[in-house]
Amino acid sequence: QVQLVESGGGLVQAGGSLRLSCAASGRTFSSYAMGWFRQAPGKEREFVATISGSGDSTYFADAVKGRFTISRDNAKNTVYLQMNSLKPEDTAVYYCARSKFIGSTITFTAAGQYAYWGQGTQVTVSS
């Protein structure tokens, strides 16, 4: 069983920055793509960013492109989401997830392509 633990959420003013971390258990971390999703109150969970197992490929939702970056440290079994220029509409619970499918070079954007999820971390951006 893979466990994912997010950290780094909090309250920040608009224009500020936060870095989320997600620590994963297991010995095959680098074989799987990782993703970040978010869910705002009253809304469905939405894709934010993904990174391939090797870290060479990334993809972002249009809403965060140019403001967020995703990275991973396979030696530490950790994936990061650096969030800059935060906006009130970025307020949500952020979840990290590990893909269902093995493959170090591919990425996934659909929630159904992920098998394991963290418990989430709250990000609140005040105006």
Side-chain angles (χ1 to χ4, degrees):
Q1 185 74 5
V2 174
Q3 291 187 324
L4 304 174
V5 180
E6 301 101 334
S7 61
L11 174 64
V12 63
Q13 288 188 331
S17 298
L18 282 174
R19 188 176 83 154
L20 306 184
S21 300
C22 173
S25 64
R27 295 181 292 177
T28 58
F29 180 73
S30 63
S31 297
Y32 294 88
M34 298 293 293
W36 286 96
F37 290 76
R38 66 187 183 186
Q39 188 166 19
K43 295 188 177 181
E44 294 188 352
R45 190 171 299 190
E46 65 175 1
F47 166 77
V48 175
T50 181
I51 186 167
S52 63
S54 65
D56 291 340
S57 297
T58 60
Y59 188 79
F60 299 90
D62 287 343
V64 306
K65 203 171 292 183
R67 299 188 296 122
F68 291 11
T69 58
I70 187 171
S71 61
R72 65 191 296 160
D73 184 338
N74 286 339
K76 296 182 178 180
N77 277 22
T78 301
V79 62
Y80 305 97
L81 184 69
Q82 177 67 44
M83 306 185 294
N84 298 327
S85 302
L86 282 161
K87 304 175 181 180
E89 51 263 44
D90 294 319
T91 296
V93 177
Y94 283 71
Y95 299 90
C96 73
R98 199 209 77 175
S99 64
K100 290 180 179 177
F101 311 108
I102 199 166
S104 64
T105 61
I106 47 180
T107 57
F108 304 96
T109 61
Q113 294 171 313
Y114 289 83
Y116 299 98
W117 295 81
Q119 82 288 349
T121 186
Q122 176 70 46
V123 171
T124 303
V125 184
S126 63
S127 57

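These values consider heavy atoms only, across backbone and side chains, with no hydrogens, waters or symmetry-generated copies. What you are looking at is a predicted structure, and each value in this text was computed from that prediction instead of being measured.
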- Task: Using the ring of Y32 (Phe, Tyr or Trp, six-membered ring only), decide whether R98 places NZ or CZ under 6.0 Å from its centre and within 45 degrees of its axis.
- Result: yes

- Message: Using only atom types and a distance under 3.5 Å, with no angle test, would you say the side chain of S99 pairs donor to acceptor with the backbone of Q113?
- Response: no

- Which pair of non-hydrogen atoms, one from A92 and one from A40, has the smallest distance, and what is that distance? CB-N, 3.8 Å

- So, for S85 and S17, which heavy atoms are closest and what is the spacing to 0.1 Å? N-OG, 4.3 Å

- When every non-hydrogen atom of F108 is compared with those of A33, the smallest separation belongs to CD1-CB, 3.9 Å

- Pairs touching residues 26-45 that satisfy salt bridge (charged side-chain N to carboxylate O under 4.0 Å, His left out), sequence neighbours left out: R38-E46, R38-D90

- To the nearest 0.5 Å, atom CD of E89 lies from atom OG of S127 at 10.0 Å

- Task: Indicate the atoms forming the closest heavy-atom contact of Y95 with G118, along with that distance.
- Result: CD2-O, 3.6 Å

- Message: Tell me whether Q119 at atom CD has more than 12 heavy atoms from other residues, nucleotides or ligands lying less than 6.0 Å away.
- Response: yes

- Note on the structure: From the list L81, L20, V93, side-chain contact (heavy atoms from CB on, under 4.5 Å) with V123 holds only for L20

- Task: Assert yes or no for the condition that the ring centre distance of F68 to W36 is strictly below 6.0 Å.
- Result: no

- Message: Taking side chain to side chain donor-acceptor pair (under 3.5 Å) as the definition, give me every residue that meets it alongside Q39, ordered by chain and number, with sequence neighbours left out.
- Response: none

- Message: Under a 3.5 Å threshold, yes or no: a donor from one side chain and an acceptor from the other, between Y116 and S25?
- Response: no

- Query: Out of curiosity, T109 OG1 to Y59 OH, how far, rounded to the nearest 0.5 Å?
  - Reply: 7.0 Å

- Item | Non-hydrogen atoms of T91 and V125 that approach each other most closely | OG1-N, 2.9 Å

- Query: Would you say the side-chain atoms of D56 pair up with the backbone N or O of T105, donor to acceptor, closer than 3.5 Å?
  - Reply: no

- Message: If you define the side chain from C-beta out and look only at heavy atoms, does anything of D73 sit under 4.5 Å from Y80?
- Response: yes

